[in-house]
Amino acid sequence: MKSMRLLAEGKPLVLTSVEIPSLTPHSAIVKVAAAGVCHTDIHLVSGAYDLGEGRKLSSTGGGSLLPLTPGHEIAGRVEDLGGEAMSSGFKKGDEVIVYPWIGCGRCRKCKSGKENLCEGASTFLGFGRDGGYAE
Ligand SMILES: [Zn+2]
Ligand SMILES: [Zn+2]
């Protein structure tokens with residue numbers, strides 16, 4: 001599938017061909033219809049978040065997270081569902097907005113449905129994992 005990837009900090013995204021992600025039992029494949037460009041994506045591409053007063057925080061782990069497909073504001077249509085995801089209430093063809101946070105699934109916050117506040121090893125689409133600037 002086509003994907004706009006960040007290959008190097010501060011450089012334009014590059015149109016690249018990548019494998020379609022593998023379907024796992026608890027996941028879904030979504031055909032992307034649109035993906036927003038957030039200010040966070042701009043910081044990601046530049047290589048650092050501006051914390052003010054001259055302080056910066058690396059947005060790419062000093063480049064160790066690259067190459068990466070940005071995009072965490074994703075809308076699309078469900079193409080396929082893993083076996084365990086069939087009971088989620090979603091079905092093929094549903095129009096969806098993708099929840100980008102991926103928590104550890106074990107901590108107190110994850111168990112209360114707040115993966116965005118995960119206290120463990122968390123990531124989210126478009127940062128630690130490939131995001132929505134793709135088909
Ligand atoms: Zn955003
Ligand atoms: Zn967690």
Side-chain angles (χ1 to χ4, degrees):
M1 69 176 174
K2 293 177 188 169
S3 173
M4 292 299 291
R5 305 203 89 197
L6 180 62
L7 304 179
E9 293 177 347
K11 301 290 186 187
L13 301 180
V14 177
L15 180 60
T16 307
S17 180
V18 298
E19 294 291 319
I20 294 173
S22 299
L23 188 63
T24 63
H26 292 88
S27 70
I29 299 290
V30 173
K31 172 90 172 156
V32 176
V37 178
C38 175
H39 75 282
T40 312
D41 297 309
I42 304 301
H43 291 294
L44 172 75
V45 170
S46 76
Y49 303 105
D50 186 347
L51 302 178
E53 300 176 357
R55 294 174 303 141
K56 303 238 179 207
L57 174 66
S58 174
S59 58
T60 65
S64 67
L65 298 176
L66 304 180
L68 179 72
T69 303
H72 59 277
E73 299 176 354
I74 308 161
R77 188 177 304 272
V78 175
E79 289 276 303
D80 205 358
L81 291 160
E84 296 294 323
M86 292 286 188
S87 61
S88 65
F90 292 101
K91 61 186 181 313
K92 292 178 187 179
D94 282 350
E95 292 181 331
V96 294
I97 295 173
V98 176
Y99 187 77
W101 292 277
I102 303 169
C104 71
R106 294 179 302 276
C107 76
R108 180 172 53 108
K109 298 292 186 184
C110 284
K111 287 183 176 175
S112 67
K114 297 175 182 171
E115 292 91 347
N116 59 317
L117 301 175
C118 176
E119 299 163 332
S122 65
T123 185
F124 70 100
L125 298 176
F127 290 88
R129 303 257 306 258
D130 286 332
Y133 294 176
E135 294 180 292

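Values in this document were obtained by computation on a predicted structure and should not be read as measured data. The figures that follow rest on heavy atoms only: side chains count, while hydrogens, waters and symmetry mates do not. When a ligand or atom number is given, it counts from 1 through the structure's own listing order.
- Note that OG1 of Thr40 is 5.0 Å distant from CZ of Phe127, once rounded to the nearest 0.5 Å.
- The environment of CD1 in Ile97 is sparse: at most 12 heavy-atom neighbours from other residues, nucleotides or ligands sit within 6.0 Å.
- Backbone or side-chain N, O or S atoms of His72 reach the Zn ion (ligand 1) at under 2.8 Å.
- No donor-acceptor pair under 3.5 Å is formed between the side chain of Arg5 and the backbone N or O of Val14.
- Summary: OE2 is the N/O/S atom of Glu73 found nearest to the Zn ion (ligand 1).
- Heavy-atom contacts from other residues, nucleotides or ligands closer than 6.0 Å to CG of Leu117 number more than 12.
- Rounded to the nearest 10 degrees, the angle SG (Cys107) to the Zn ion (ligand 2) to SG (Cys104) equals 110°.
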